[in-house]
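Okay, structure first, notes after.
Atoms within a ligand are numbered from 1 in the order they appear, just like the ligands themselves. Reckoned from all heavy atoms, side chains included, excluding hydrogens, waters and symmetry mates.
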Amino acid sequence: MVALSFHRALLLAGAFAHLGAAQTADSPTILSQDGSLVVADESTVAPAAEAVTDLATDEDKVLLLTDAVVANLTALGLSDIDLFAFGDDAAGLAKRSNTARVGDCKVFPGDPEWPSRLTWTVFDVLSGGALIETVPIGAVCYNNSGVYDAEKCQNVLGNWTKSALHVADPTSVMSPLYQGETCMPQKGDTGSACALGGFPSYSVRIQDVYQVQLAVNFARNKGIRLVVHNTGHDFLGKSTGAGALSIWTHNLKDIKYFESYETPSYSGPALKLGAGVQVAELYAAANKHGVTAVGGECAGVGVAGGYTAGGGHSPLSTKYGLASDQVLSIDVVLPNGRFITATETLNKDLFWALRGGGGATFGVVTSITVKAHPKMTFSGFTFNVVTGAGTKNTEQIFWDAMYAYWRRFPSFSAEGVYGYSMVFPRFDGVAGYTWAFNPFMFPGKTLAQSKALIQPLVDEWTALGFDFTPEWFEHDNFYDAWTRHFPTETVANSNMRTSSRLFPGDIWSNVTKRDAMFDTVKQIVKEGSALIQYNMNPAQRQGTPDSGANSHWRTAQWFAIMGTNWGPDATEVQLESSNRRLTDDWNGRMRPFGPGGYLNEGDVMEPDFQDAFYGSNYARLLKIKREVDPDDVFWAPTAVGSERWDVAGQRDWLTLQTGRLCKVRD
Ligand SMILES: Cc1cc2nc3c(=O)[nH]c(=O)nc-3n(C[C@H](O)[C@H](O)[C@H](O)COP(=O)(O)OP(=O)(O)OC[C@H]3O[C@@H](n4cnc5c(N)ncnc54)[C@H](O)[C@@H]3O)c2cc1C
Ligand SMILES: *[C@@H]1O[C@H](CO)[C@@H](O)[C@H](O)[C@H]1NC(C)=O
Ligand SMILES: *[C@@H]1O[C@H](CO)[C@@H](O)[C@H](O)[C@H]1NC(C)=O
Ligand SMILES: *[C@@H]1O[C@H](CO)[C@@H](O)[C@H](O)[C@H]1NC(C)=O
Ligand SMILES: *[C@@H]1O[C@H](CO)[C@@H](O)[C@H](O)[C@H]1NC(C)=O
């Protein structure tokens, strides 16, 4: 163990006792060595951390909050230091200081228990200046916000649908619906005020593990709502929350390559990824090292954040399983503030739960180590078909062509397929659809092999008179296939909501049931739903340790995302009917065929989310949740164990993150 420039705090922090005496002041002061009062800030007080050798790699140093650091701070009489204490005693037994009763709410701004400005400043100083008071991303467009800036506003407006804009901001979310569409930059000139809405009050910009520990301990000891925010891609509002302290993991960007990495069940190359690494960064690193990594389709999604925590589907999922199946080791800060590593042999329950059991539930993951697979060939096609007036594709031909494709899902999966396509009503308002493949691809196959597999479908399409022009491709590596044949993500449309279903393979062996399922989905698309569909089967592979990932994924052949949208000026009545149609009507009709849904791309109002999002693993996941987080330091809508709390003031057909979080049952 190496003490890290902590001596500055030791020399100076004795005078933090003054903090207690001066609770109304904005700046804490400390006694300097010569006895004069100086402002406590980054230049006078060192971060509350010591450098410890990382268990997983045995060489890297991690900056940790330890018992020794807390003891030093306590001995110095630093004001409010108890707020940073761990949630267990030296013997590892849980201290239950903040057990909420039914009716209690997390401490909210304005409550007498809400930390004073001075206390927040102490937090800021101890975290090395990492605390950020929330300024909504759209505030630069509001001339009454105090930060109005016409040029920055233009940048925000011009880049609004690009994920990079939101990822770079500590609190912006790409489904603004859930923050209550507050302070939307597009409405900056309406004369309204820029309110905080469902945004958290503060964020901590994480660069080292000790900052996560400080935030977790502080939120737990104070009874404040805690949010974990990585890129803000979440579709259910899980990375924002009113009155919360938010842990912003985006800047944990380390990537480390291991040529050979050994676990009881794996031997081969691996990559260690900081919690903030995004899909494009993972793929670039894998390409550089001549290997293939498992990640999502879109460049901006955070690999080690919500994506892998929730399972994570990938162009390689039929071949190698879910993203969570690739994980070999996980570094995580637990609800009690302790930093641990979970592997096949260490902290086994957590290793099981953290792989697929959902984000923001068991702790804050700071890094994961994942398998890297050999470089291989990728081939397939993309196409973009339009139907209806002005095309040869009549409605009948289109649906016949779609059924011809749907019928073949199990046979394509048997060959490792990634079939990703989107069906939307025509964008020009003319009756008909657009159907775009982005792409239909076989990992590990040459173009000749892929063409041979697809030929029977192509023949049937041709016989039906279906007018399509596939653009075939072949690359000797994943990176080129991904950079050239996948769509660019567009985000931040607040007038829509999505849901999803996982349709199991056994339906295909009963033609009556299969066709009834096809008819149901077809009818729902005809009623106006978007259909974003994936033909894939992320089965549990032999040799992969069992995990908490949704059991419904394992048998799925078809992952279908449905979407409802409404106009910008929709009335409350229209909003309600659009949202209820998605949850109750469309999903209600599809659930008998596909009881499962994907928690990362699911309906936040899913009635039996426990079964839909976690399947047969829910009971064990809940048991582990109650053990590691008995007081629900971590909470997110539809997360394991979330049923004990509700966000106040919500309509019963849509939960936003705009109110207090209150305990509703034991
Ligand atoms: C354009 C787009 C494309 C997508 N493509 C795919 C895809 O191909 N495959 C797929 O499976 N999914 C895909 N998704 C869904 C994606 O997996 C989820 O949105 C996922 O939650 C994103 O994780 P994040 O960490 O980037 O986002 P965030 O919104 O920041 O976080 C999501 C959730 O994870 C929690 N979380 C984040 N980091 C941590 C951490 N370090 N420790 C603990 N909890 C954490 C958050 O609290 C929140 O609950 C896509 C989403 C979008 C918007
Ligand atoms: C705690 O303080 C002592 C001096 O009082 C110092 O030697 C030690 O390194 C400190 N511990 C840590 C973890 O910083
Ligand atoms: C997007 O933001 C960048 C700066 O981040 C800016 O240079 C660019 O002009 C913006 N684009 C638009 C269309 O406003
Ligand atoms: C702010 O914008 C509103 C709405 O456009 C306008 O009425 C008002 O005059 C502006 N105020 C200032 C100080 O520019
Ligand atoms: C096939 O599905 C139908 C409709 O769900 C059902 O009634 C029938 O019993 C099933 N047939 C078999 C052989 O399982």
Is His233 touching ligand 1 with its side chain, its backbone, both, or neither, if touching means heavy atoms under 4.0 Å apart? both
Nearest non-hydrogen atom to atom 18 (C) of ligand 1 belongs to which of Asn600, Val212, Val167? Asn600
Give a yes or no on whether the ring-centroid distance for Trp435 and Phe424 is below 6.0 angstrom. no
Considering distance alone, does some N or O of Val365 sit under 3.5 Å from an N or O of ligand 1? yes
Do ligand 1 and Cys298 have nitrogen or oxygen atoms that lie under 3.5 Å from each other? no
Quick check for you: to the nearest 0.5 Å, what is the distance between Leu328 atom CG and Phe351 atom CZ? 6.5 Å
Quick one: does NZ or CZ of Arg541 land under 6.0 Å from the six-membered ring centre of Tyr320, within 45 degrees of the ring axis? no
May I ask you to check whether Tyr420 and Phe437 place their ring centers less than 6.0 Å from one another? no
Tell me which protein heavy atom sits closest to atom 7 (C) of ligand 1, plus the residue, atom name and distance to 0.1 Å. His313 CE1, 3.5 Å
What residue and heavy atom of the protein are closest to atom 6 (C) of ligand 3, and at what distance? Asn155 OD1, 3.5 Å
Backbone or side chain, does any N or O of Ala360 fall under 3.5 Å from an N or O of ligand 1? yes
For ligand 1, which atoms, with element, lie under 4.0 Å from some heavy atom of Gly296? 7 (C), 8 (O)
Check whether the side chains of Arg620 and Asn617 place a donor and an acceptor atom closer than 3.5 Å, and report yes or no. no
State whether any protein heavy atom lies less than 4.0 Å from atom 14 (O) of ligand 4. yes
Gly306 heavy atoms, cut-off 4.0 Å: which ligand 1 atoms fall inside? 20 (C), 21 (O), 23 (O), 24 (P), 25 (O), 32 (C), 33 (C), 34 (O), 36 (N), 37 (C), 38 (N)
Check: Tyr598 ring centre within less than 6.0 Å of Trp553 ring centre: yes
What distance do Leu271 atom CG and Asp254 atom CG have between them, rounded to the nearest 0.5 Å? 12.5 Å
Taking N or O atoms only and a 3.5 Å limit, does Ser239 qualify as a polar contact for ligand 1? yes
Less than 3.5 Å between some nitrogen or oxygen of Tyr418 and one of ligand 1, yes or no? no
Contact atoms of ligand 1, heavy-atom distance to Phe235 under 4.0 Å: 51 (C), 52 (C), 53 (C)
What residue and atom, counting heavy atoms only, is the protein's closest point to atom 16 (C) of ligand 1, and at what distance? Val301 CG1, 4.1 Å
Please indicate whether any nitrogen or oxygen in Glu297 is less than 3.5 Å from any nitrogen or oxygen in ligand 1. yes
What protein heavy atom sits nearest atom 27 (O) of ligand 1, and how far off is it? Thr231 OG1, 3.2 Å
Using a distance-only test with no angle check, is there a side-chain donor-acceptor pair under 3.5 angstrom linking Gln278 and Tyr307? no
In this structure, which one of Phe478, Phe473, Phe442, Phe486 forms a ring-ring contact (aromatic ring centres under 6.0 Å, His included) with Phe378? Phe478
Residue and atom name of the nearest protein heavy atom (relative to atom 4 (C) of ligand 4), distance in Å to one decimal: Asp189 O, 3.4 Å
Side chains of Thr638 and Lys238: does their closest heavy-atom pair fall under 4.5 Å? yes
Within ligand 1, which atoms have a heavy atom of Gly312 less than 4.0 Å away? 11 (O)
Could you tell me which atoms of ligand 1, counted from 1 in the order shown, lie closer than 4.0 angstrom to a heavy atom of Gly363? 42 (N), 43 (C)
Between Ser413 and Gln557, does any side-chain donor sit less than 3.5 Å from a side-chain acceptor? yes
Test log, rule ring-ring contact (aromatic ring centres under 6.0 Å, His included), inputs His485 and His475: CA-CA 11 Å; His485 308 293; His475 299 283; 5.0 Å; yes
Heavy-atom pairs closer than 4.0 Å: do any link ligand 1 to the side chain of Met174, the backbone, both, or neither? neither
Tell me whether the rings of His250 and Trp248 are parallel (<30°), tilted (30 to 60°) or perpendicular (>60°). parallel
Hydrogens and angles aside, do His313 and Glu601 bring a side-chain donor and acceptor to less than 3.5 Å of each other? yes
Atoms in ligand 3 with a heavy atom of Gln154 nearer than 4.0 Å: 14 (O)
Counting each atom of ligand 1 from 1 as listed, which ones have a heavy atom of Lys238 under 4.0 Å away? 47 (O), 48 (C), 49 (O)
Starting from atom 10 (C) of ligand 3, what is the nearest protein heavy atom, named by residue and atom, and what distance separates them? Asn159 ND2, 2.8 Å
So which heavy atom in the protein is nearest atom 1 (C) of ligand 1, and how far is it from that ligand atom? Glu489 OE1, 3.3 Å
Is there a polar contact between ligand 1 and His229, counting only N or O atoms under 3.5 Å apart? no
Do His373 and Thr292 meet the criterion of a side-chain donor-acceptor pair at a distance under 3.5 Å? no
Taking the non-hydrogen atoms of Phe634, is any one of them nearer than 4.0 angstrom to ligand 1? no
Ligand 1 atoms in contact with Gly305 (distance to a heavy atom under 4.0 Å): 25 (O), 37 (C), 38 (N), 39 (C)
Under 3.5 Å, N or O to N or O, is Gly232 touching ligand 1 that way? yes
Are any of the N or O atoms of Thr490 closer than 3.5 Å to those of ligand 1? no
Any N/O of Val228 closer than 3.5 Å to an N/O of ligand 1? yes
Would you please say whether a donor-acceptor pair under 3.5 Å links the side chains of Gln657 and Thr240? no
Kindly compute the distance separating CD1 (Ile132) from OG1 (Thr171), expressed to the nearest 0.5 Å. 8.5 Å
Give me the residue, atom name and distance of the protein heavy atom closest to atom 8 (C) of ligand 4. Asn143 ND2, 3.7 Å
